[in-house]
Amino acid sequence: MLQNKQDRRQLSREIWEEVFQDTPPFLDLYFSRVYHPEETDLILDYKDNQALAHTGRLSFFLRIFGERIPASYISGAATRASHRGQGLMPQLLYSSHTKMYQQGKVLSFLIPAEEWLYSYYHDKMGYASVCYRAKISNPHPTSPIVRRLQQTPSVEDYLDYRKARKAWLFGHIEHTYPQWCNAIYDAVLSGGGYLSHEGILRYVGTKSKEQLILQEQPSSYHAEETIVPLSFSSIASSTPSSTNSVEIFPHGMLRAINIPRLLSLYAKKHPSQAMQFDLFDPELVPNTGRYRIQGGTLLFHPYSADRLHPQAYTPNSLLEEIFSSDPIYIDLMLD
């Protein structure tokens, strides 16, 4: 029988270690600095004193439509191999989404651990593939190097990071200082990297950790995760060369938790937009109904599912529509 929060922490760590097989240093980092019992959902087997399924729902802010939008990051979604195929993860995510709604979250996001999971989260849980990341293969970093990453980042470094992101016109994550520090600690554990005036340059190449640690000059980079220009279009249209190659690829998924709140912000940002549609959300019933956007405002009427238009939107098809030309950039996560 579980006695306290420490028991839940240990059970969470055990299932995380079994499913993801992360290293002890990473697990120490996550469960000492990131894990919160109030933001962790478990399905437990009390008889054998073990967790059968686990999700974390870590609090973040996303900067979208020029607003700071409260969101939760689904971290470590895992089911023990012995209990897969029994519907435990949809049950747990339904519970997580309900708690997010009750806590005032507008969006949920996650980063699937494997490619096939993109279809799973899309079809089963209403997530949309509207998030991206850029990987830059460049033997010469694009911004001045400050120093190698260390596990003692300063507040000044964080303020430089925040200042650089104020110019970003597309949707992105706003890390708090502890969240930003955790990203640096994770980068150090992953093989190191450098801190620039614009952000973190982290190795995501194919070299071994030992090779990376031995390299002292930034010219040794194989690939970097780094700051991107002001729009994805400027990256996509850039001509790769022998010294600078940029790849944009899907990285993460988004799920609407409070759709009326999200569309109110969307309408405010797009005052010339006019549209009317029905939406059916099989998980979060308060989202189901008829929506009308006009003149920068939203009108919403809750309807039962049997009164909706046959071609009603779903949460993922709606996000695919409104973010088709305004993607979200997901970076510096512990994934």
Side-chain angles (χ1 to χ4, degrees), residues 11-27 29-31 34-35 39-43 50-58 60 71-97 107-135 137 173 182-183 186-187 189-191 202-209 222-225 247-255 283 314-317 319-320 323 327-335:
L11 295 183
S12 297
R13 177 166 177 148
E14 288 173 0
I15 188 173
W16 186 298
E17 185 173 14
E18 175 187 311
V19 173
F20 300 113
Q21 299 181 350
D22 284 310
T23 64
F26 176 84
L27 293 173
L29 165 64
Y30 187 91
F31 286 97
V34 180
Y35 170 88
E39 295 182 336
T40 300
D41 298 312
L42 298 171
I43 294 179
Q50 65 176 356
L52 303 181
H54 164 280
T55 61
R57 41 187 169 82
L58 308 178
F60 277 84
S72 289
Y73 171 55
I74 293 292
S75 173
T79 304
R80 286 191 184 274
S82 58
H83 287 76
R84 291 173 189 166
Q86 301 178 15
L88 297 185
M89 186 50 61
Q91 176 184 339
L92 197 57
L93 285 173
Y94 172 77
S95 174
S96 297
H97 293 159
L107 293 164
S108 171
F109 67 106
L110 52 77
I111 303 172
E114 299 180 40
E115 189 65 29
W116 69 270
L117 287 171
Y118 279 86
S119 296
Y120 173 85
Y121 288 117
H122 178 276
D123 298 341
K124 298 287 187 180
M125 305 308 304
Y127 281 81
S129 295
V130 294
C131 305
Y132 296 84
R133 185 173 71 175
K135 184 167 67 174
S137 298
I173 299 174
N182 291 337
D186 179 45
L189 291 176
S190 300
R202 183 171 65 174
Y203 290 111
V204 291
T206 57
K207 293 185 179 182
S208 70
K209 180 176 180 180
H222 172 73
E224 302 155 2
E225 176 185 275
E247 175 190 2
I248 302 171
F249 58 97
H251 186 69
M253 306 183 77
L254 204 65
R255 210 259 190 224
E283 268 197 82
T314 59
N316 45 19
S317 65
L319 293 192
E320 288 161 1
F323 289 114
I328 312 301
Y329 192 70
I330 300 294
D331 69 332
L332 304 182
M333 301 301 294
L334 277 64
D335 55 301

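Excluded from the calculations below are hydrogen atoms, water molecules and symmetry mates; all remaining heavy atoms, backbone and side chain alike, are included.
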By side-chain contact (heavy atoms from CB on, under 4.5 Å) - contacts of Glu14 (at least two apart): Gln10, Leu11, Arg80
Decide whether Ser96 and Thr55 meet the rule of one side-chain donor and one side-chain acceptor closer than 3.5 Å. yes
Donor-acceptor list for residues 115-122 side chains, cut-off 3.5 Å, not counting sequence neighbours:
residue: Trp116; atom: NE1; partner: Glu114; partner atom: OE1; Å: 3.0
residue: Tyr118; atom: OH; partner: Gly252; partner atom: N; Å: 3.1
residue: His122; atom: NE2; partner: Glu320; partner atom: OE2; Å: 3.1

Could I get the full list of salt bridge (Lys or Arg N to Asp or Glu O under 4.0 Å) partners for Glu39, not counting sequence neighbours? none
Counterpart residues, salt bridge (Lys or Arg N to Asp or Glu O under 4.0 Å), relative to Arg57 (two or more places apart): Asp41
Any salt bridge (Lys or Arg N to Asp or Glu O under 4.0 Å) pairs touching residues 85-95, not counting sequence neighbours? none
Just say parallel, tilted or perpendicular for the rings of Trp16 and Tyr30, cut-offs at 30° and 60°. tilted
Could you list the donor-acceptor pairs under 3.5 angstrom formed by side chains in residues 82-95, with sequence neighbours left out?
residue: Arg84; atom: NE; partner: Thr79; partner atom: O; Å: 2.9
residue: Arg84; atom: NH2; partner: Thr79; partner atom: O; Å: 3.1

Reported CG-to-OG distance for the pair Leu110 and Ser72, which is rounded to 0.5 angstrom: 11.5 Å
Measuring only between side-chain heavy atoms, which start at C-beta, is Tyr127 closer than 4.5 Å to Leu254? no
State plainly whether the residues Arg255 and Glu283 are in salt-bridge range, i.e. N to O under 4.0 Å. yes
Backbone N/O of Gly76 and side chain of His54: donor-acceptor pair under 3.5 Å: yes
